[in-house]
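Beneath this line is the structure, given in structure tokens, with notes to follow.
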Amino acid sequence: LHTPTGIYKVKNEYKIDLEIPMDSPFLEYLLNEDDKNIHVTSENSEEWFGEDFSVEDVGDKYKTSLKFRQGGEDPILTVNIPSYRGKPTCEFFDVKNQPSNYDIVQPNTELIGIVEKSGIKFYKESLTGEYDFHKIKVFVPAEQSKLPRGYMFNEEDGQVDAEEFDDEDEEEFQNQDDDDDDDEEDD
């Protein structure tokens, strides 16, 4: 999935917007859940609200969790990121399956995750399905090179200025070469 927004905060709640591909089974699941939410609410309306609401009545008040956009763009699903005392409790992982902080999720990031339907949220005049993220794996593009940033050429002879390339950079560059060798062995 793709997030155009990354994680953001509304009041005291963390949220993330996800683009749901039009041809995905996940979109079909979400639409089926909308229908299920309407029917379940209608069937339980007497117990929940003390009044019997038809499927049509509930359908009129139901707001899908999806935001359909013009021009055939993929719809957006806003998902909650559970938190405790102002900190997200969702687990985040990088491309190497290592735990990470929530700030790894930036706008225009590709990710996968475990989403749970948390229930139906009732407002004064409407209702909607609610979803929570519990685990997110972010696919951050791998760095193309471990060379240090910045200008490294000596204008006089066109050579790399060795003084700018310190021991730490050399060690990182060596590790990158070792990782590349390991990748070739895996193939």
Side-chain angles (χ1 to χ4, degrees), residues 1-51 53-141:
L1 297 174
H2 176 262
T3 175
T5 60
I7 295 175
Y8 59 94
K9 207 170 181 181
V10 176
K11 297 182 183 173
N12 288 327
E13 297 179 348
Y14 290 92
K15 306 219 178 255
I16 185 170
D17 291 343
L18 301 173
E19 289 182 351
I20 308 300
M22 289 295 263
D23 60 349
S24 78
F26 188 45
L27 178 59
E28 188 175 324
Y29 165 80
L30 293 168
L31 293 172
N32 287 335
E33 284 299 305
D34 284 344
D35 288 340
K36 185 177 172 182
N37 291 342
I38 292 168
H39 284 88
V40 166
T41 301
S42 175
E43 291 166 9
N44 292 288
S45 61
E46 183 72 40
E47 179 184 339
W48 292 352
F49 310 111
E51 193 175 338
F53 292 110
S54 70
V55 170
E56 291 77 23
D57 291 338
V58 175
D60 289 344
K61 296 200 178 285
Y62 190 82
K63 306 284 186 226
T64 180
S65 302
L66 295 161
K67 293 176 196 136
F68 287 91
R69 305 185 290 173
Q70 295 181 1
E73 290 186 65
D74 291 334
I76 299 286
L77 173 67
T78 299
V79 180
N80 300 316
I81 305 286
S83 63
Y84 179 72
R85 293 187 176 191
K87 295 187 183 201
T89 58
C90 178
E91 292 182 276
F92 300 90
F93 300 92
D94 64 18
V95 73
K96 293 183 178 181
N97 304 331
Q98 298 300 309
S100 188
N101 196 327
Y102 75 93
D103 60 359
I104 192 172
V105 183
Q106 297 295 315
N108 298 313
T109 301
E110 296 294 323
L111 54 86
I112 60 172
I114 297 174
V115 176
E116 175 186 38
K117 179 181 174 185
S118 55
I120 303 171
K121 190 165 188 173
F122 297 93
Y123 298 95
K124 198 172 206 169
E125 294 294 322
S126 64
L127 62 146
T128 188
E130 288 276 306
Y131 299 89
D132 292 341
F133 245 133
H134 291 284
K135 296 184 186 289
I136 297 175
K137 180 176 180 179
V138 176
F139 295 96
V140 178

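Distance NE2/His2 to CG/Asn108: 4.0 Å, rounded to 0.5 Å. Interatomic distance, CD of Glu56 versus CD1 of Ile38, reported as 10.0 Å (0.5 Å rounding). Taking CG from Asp74 and CZ from Phe68, the interatomic distance works out to 10.0 Å, rounded to the nearest 0.5 Å. Expressed to the nearest 0.5 Å, how far CZ of Phe93 lies from CD1 of Ile104 amounts to 11.0 Å. Separating the OG1 atom in Thr64 from the CG atom in Leu31 is a distance of 6.5 Å, to the nearest 0.5 Å. How far OG of Ser126 is from NZ of Lys61: 8.5 Å, rounded to the nearest 0.5 Å.
The two atoms that bring Gly129 and Ser65 nearest to each other are O-OG, 2.6 Å, heavy atoms only. The two residues Thr78 and Lys67 come nearest to each other via the heavy atoms OG1-NZ, 2.9 Å. Taking both residues in full, the closest heavy atoms of Tyr14 and Lys9 are given as OH-NZ, 3.8 Å, listed atom of the first, atom of the second, then distance. Across Phe133 and Ile16, no two heavy atoms sit closer than the pair CD1-CG2, 3.7 Å. Here the closest non-hydrogen pair linking Thr5 and Pro107 is O-CG, 3.4 Å.
Looking at Ser54, its side chain does come within 3.5 Å of a backbone N or O of Asp57 through a donor-acceptor pair. Side-chain atoms of Asp94 come within 3.5 Å of backbone N or O of Asn97 as a donor-acceptor pair. Between the side chain of Asn80 and the backbone N or O of Pro82, no donor-acceptor pair lies under 3.5 Å. In this structure a side-chain-to-backbone donor-acceptor pair under 3.5 Å is present from Ser45 to Ser42. Distance alone, capped at 3.5 Å, is enough to place a donor-acceptor pair between the Ser118 side chain and the Glu130 backbone.
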**Message:** Working note: Leu77 + Phe26, criterion side-chain contact (heavy atoms from CB on, under 4.5 Å); need CA distance, chi angles, decisive distance, verdict.
**Reply:** CA-CA 11 Å; Leu77 173 67; Phe26 188 45; 4.1 Å; yes

**Message:** For Thr41 and Phe49: C-alpha separation, side-chain torsions, deciding distance, then whether side-chain contact (heavy atoms from CB on, under 4.5 Å) applies.
**Reply:** CA-CA 10 Å; Thr41 301; Phe49 310 111; 4.0 Å; yes

**Prompt:** Which is it for Ile136 and Cys90 under the side-chain contact (heavy atoms from CB on, under 4.5 Å) test, yes or no, and what are the steps along the way?
**Reply:** CA-CA 7 Å; Ile136 297 175; Cys90 178; 3.8 Å; yes

**Request:** Give the intermediate values and the outcome of side-chain contact (heavy atoms from CB on, under 4.5 Å) for residues Leu18 and Ile20.
**Result:** CA-CA 6 Å; Leu18 301 173; Ile20 308 300; 4.1 Å; yes

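A side-chain donor-acceptor contact under 3.5 Å links Tyr62 and Asn37.
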Name each donor-acceptor pair under 3.5 Å that joins a side chain in residues 109-116 to protein atoms two or more places apart or in another chain, with its distance.
residue	atom	partner	partner atom	Å
Thr109	OG1	Gln106	N	3.1
Thr109	OG1	Gln106	O	2.4
Glu116	OE1	His134	NE2	2.7

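Residue pairs meeting the salt bridge (charged side-chain N to carboxylate O under 4.0 Å, His left out) criterion with at least one partner in residues 11-40, sequence neighbours excluded, are Glu13-Lys15, Glu19-Arg69, Glu33-Lys117.
Side-chain contact check for Thr128 versus Ile120: every heavy-atom pair is 4.5 Å or farther apart. Contact annotation: the side chain of Asn101 never approaches that of Phe92 to less than 4.5 Å [non-hydrogen atoms, C-beta and beyond]. Under the 4.5 Å side-chain criterion, counting only non-hydrogen atoms from C-beta, Pro21 is in contact with Leu1.
Between Phe122 and Trp48, the ring planes lie perpendicular to each other; the angle is over 60°, past the 30° to 60° tilted range.
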